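All chains are named by letter (A, B, ...) in the order of the sequence lines, taking the proteins before the strands, and each is independently numbered beginning at 1. These figures come from a predicted structure and were not determined experimentally.
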Amino acid sequence: MLKLEHVSKTYGNKNEKAVDDISFDVYPGEIFGFVGPNGAGKTTTIKMIVSLLAPNSGKITINGIDNQHDILGAKKQFSYVPDNPELFEKIKGIEYLKFMADVYQVAATERQERIEQYLDIFEIKDAVNDPIGSFSHGMKQKLALVGALIHDPQVFILDEPMVGLDPKASFELKKIMRNHCDRGRSVFFSTHVLDVAEKICDRIAIIKKGRIIEVGTMAEIREKAGSQESLENIFLELTE
Amino acid sequence: MKEIISLTKLFINESLGFSLFFYNQKFNKKEFYKQLFTLIIVPVALIPAFFMYVSLMSATYFGLTMINQTSVFLSIGYIMATVLIIVFGVMYILSEFYFSDNIEELIPLPINQRKLIVAKFLSILVFEYIFTAFIFLPILIIYGVGQGMGLLYVLLSFLVFLTIPVLPLSLITALIMLMMQSASLKGRKDMLQIVFVFIGIAIIFGVQIWFTSQLGSGDEADFQLLMNTMLTNNESFLNIIGYIIPTSFLMAWTLNKITLMSFAWVGALLGITLLSGALMVAIGERVYIKSIVSGQITKKSKKLSGAERSKALGKKSHGAMAVFTMDLRLLLRTPVYFFNNVSIVIIAPLCIWISFAFIEIPPEDLQGMQEFFRGMPILINFLLIAFFVFFGGTSATTATTFSREGKASWLTRMIPVTARDQIVGRTGVAMLIQSLGIFFTIIAIQFIFPLTLSTLLLTVVLGILGSLPILLFGLFMDMNRPLLNWDNPQKAIKNNMNVVITLFVGMAYTGLLIGFSGLLGYFVNSLLGYGVFLLISIGISVVFYRVISNRLETEFLNFE
């Protein structure tokens, strides 16, 4: 569903790679967690997947489409919610949702059903006619999530999705992620909350200083680490 | 004091982005050279305008010398500087005090609110001093040199100069703070900004109308008569404005003739200035922070029922229409975008209307003019086309289209919208605004100079098509070097070199195209002139469309 092959990225200083030759696959029906310390390269990797940054080398395919050769085709396969979703402040929530439904060409009945459903789940129905500028951080994140789910994407990509969400919304999002994968789609998300990653992810990749240092199911990671400890302990050992 | 200086430095740094500039110098050379280029090119581009201004002021001074009325020269400059400081200052004050995000981070810190207000005010004042230097220093120098003034004049001029921006800025800041505190206006900050700027424009128009009405009939409308009218009439412009801005009298008494009393007058000027600053701080302490912490300042809309939500979500729209609607909404709802991109289409036709409405042109002259133009339709047609292209070239709508989105531009870059839809949607907004300008202009002209339907059709079509290459060039510029890293929407326009480059290139292009095809039309054949104009416009537009279309997706990857 999502495949990264030898992807590298450098910023200003050419000798220092933000992402260094990383490869992994995310399979259909799988929740894939991407964990790592601050500055490890998680957001850079995600930005390259969602076509906000170009890799220096390597290949990224989403649902079989190369995101460097058919950028537009690849964009239709996923939706993305960044860690701090900056949205158009002067636009009303409902106008933002209409915009998202239009650009993903979602039919009238589907857009109405999905939006009603997710507005209910995230409890922002009453605020949706207000300008986004009046929303709190959490509400903006909820709106961005609703906007991202409108077209029922093949791959749902999230950067630190739990930050800023209230406990109920966080719980609901985890349920949505699982339901999404149960229908044969995939979820790829980065997080610092290792408990969440351990509980809901089918597989996990750990990134450190731009390199993938571990990838697999929790059982595989434990086996490789030779320990039955929690992901948190293994993570601390691996990233020290 | 140390805290005030440090806060002022912080606000200036935030406005100008010095930290980012030095960061880029180390880690992002490409961006650094772009910023450096901007830093150099902006002052260089302004040099011709500055020299024109100095020449105009010198001519005014010599004009006044001829009628022995040089004493009003400084007053004219003082009033002009004060009015301009008020008009431009409103934007800065609203931006710094109410639209800047930093206040929410600073309020929880143990900083005395008086220091916060003073530092914010000083950070605006620094820019206003630079602005005042360009406007008023040439006037002080021309007058000083012309009158053969000595060192005392220099000293007193310096003291007067220090006072100039403080008084109007203090009073306007205090007024804005009082208005923003009003509960009924709290949710309408955007509307308030629009109202303030329109008041500023109304003042300028008021002055303009007064001037033109003083000119009397067209035959006598010369500079000397205007000046004589102003100087001999007790109800003259200077006196009226002088009563509104009484400090202009103090300034004139200080500098027109240097005597011992000059020191008393400058002392009074300094005293009033300090008092105005103190008044602003006192009002600010009572209302500013209170109005910020009193809660939500964005107006809440009514809740929607399920049926209303369904209606609002509507049916599936085309990608280009979605981009068009979003871009237009952002443009109309953000005051600074509205004024920079949209207001020109209202102001320019209004200027035409005022110019004709308040100058009494004798009917025989008007008839003569109309006959002259009817005898040379190509002249009026190309003049109109040039004016219509002007709306497209000056609005900078496409030259800031991505920049205006700022940090929210990730959305534009992530969504699956084709380059064609992006181009059509964004250019469509610019064309809609241009069409409004054309519509208002036609109405303004129609009162004085009725145009035939064929002239209207020809000039409107060629005017819109003629501006298309400029609009696409603006889009091309913003695609290549968008200004996205801003914390205040004003920067997306004011700090954006794409606006200046598009404006200059657009003006040069319009001049060349109109000149070339106009000459062809005049000397060879009028149809050939229009045909060449049309072909060149379409040809260049197609080239730009193809370049943008091929590169937009790739350029989106380079936006950060």
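Near-neighbour residues of residues 36-50 of chain A relative to chain B, defined by a heavy atom under 4.5 Å from a heavy atom of that chain, comprise A:Lys47, A:Val50. Scanning residues 119-126 of chain A against chain B with a 4.5 Å heavy-atom cutoff picks out A:Leu119, A:Lys125, A:Asp126, ordered by number. Within residues 420-429 of chain B, no residue has a heavy atom under 4.5 Å from a heavy atom of chain A. Applying a 4.5 Å heavy-atom cutoff, the residues of residues 61-78 of chain A that approach chain B are A:Ile71, A:Leu72, A:Lys75, A:Lys76, A:Phe78.
Using a cutoff of 4.0 Å between basic side-chain nitrogens and carboxylate oxygens, A:Glu110 and B:Lys316 are not scored as salt-bridged.
Remark: the backbone N or O of B:Leu313 is paired with a side-chain donor or acceptor of A:Arg111 at under 3.5 angstrom. A donor-acceptor pair under 3.5 Å links the side-chain atoms of A:Asp102 to the main chain of B:Ser317, judged by distance alone.
Of the listed residues B:Arg413, B:Met414, B:Glu553, the one with more heavy-atom pairs under 4.5 angstrom with chain A than any other is B:Met414. When each of B:Ser310, B:Ala312, B:Ala419, B:Ala320 is checked for heavy-atom pairs under 4.5 Å with chain A, B:Ser310 comes out on top. Interface summary for chain B: among A:Asn84, A:Leu97, A:Ile115, A:Val128, the most heavy-atom pairs under 4.5 angstrom belong to A:Ile115. Ranked by non-hydrogen atom pairs under 4.5 Å with chain B, the options A:Pro82, A:Gly147, A:Pro85, A:Ala101 are led by A:Pro82.
Within 6.0 Å of the NZ atom in A:Lys209, the count of heavy atoms belonging to other residues, nucleotides or ligands does not exceed 12. Around CZ of A:Arg183, the count of heavy atoms belonging to other residues, nucleotides or ligands within 6.0 Å exceeds 12. Around CZ of A:Phe24, the count of heavy atoms belonging to other residues, nucleotides or ligands within 6.0 Å exceeds 12. Counting non-hydrogen atoms of other residues, nucleotides and ligands closer than 6.0 Å to NZ of B:Lys311 gives a total of 12 or fewer. By the neighbour-count criterion of 12 heavy atoms within 6.0 Å, atom NZ of A:Lys3 is sparsely surrounded, having that number or fewer from other residues, nucleotides or ligands.
Side-chain contact check for B:Arg329 versus A:Glu95: some heavy-atom pair is nearer than 4.5 Å. A 4.5 Å side-chain heavy-atom check between B:Thr412 and A:Phe88 finds at least one atom pair inside the cut-off. With a 4.5 Å cut-off on side-chain heavy atoms, A:Glu86 and B:Leu411 do not count as touching. Within the 4.5 Å cutoff, no side-chain heavy atoms of B:Phe556 are placed close to those of A:Ser51.
A distance of 8.0 Å separates CG of A:Asn129 from CD of B:Glu308, quoted to the nearest 0.5 Å. Separation of atoms CG (B:Leu330) and NZ (A:Lys90) is listed at 10.0 Å; rounding is to 0.5 Å. A:Gln105 CD to B:His318 NE2: the interatomic distance, rounded to the nearest 0.5 Å, is 7.0 Å.
Of the atoms belonging to A:Glu116, it is side-chain heavy atoms, and not backbone ones, that fall under 4.5 Å from chain B. Using a 4.5 Å cut-off between heavy atoms, A:Ala107 contacts chain B through its backbone alone, with no side-chain atom that close. Both the backbone and the side chain of A:Val103 come within less than 4.5 Å of a heavy atom of chain B. Using a 4.5 Å cut-off between heavy atoms, B:Thr325 makes no contact with chain A at all.
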Could you go through A:Tyr104 and B:Val417, starting from their C-alpha distance and side-chain angles, then the distance that decides it, and tell me whether this counts as side chain to side chain contact (heavy atoms under 4.5 Å, CB included)?
CA-CA 8 Å; A:Tyr104 283 102; B:Val417 173; over 6 Å; no
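For the pair A:Tyr80 and B:Trp410, the tightest heavy-atom approach, listed with the atom from each and the gap, is O-CZ3, 3.9 Å.
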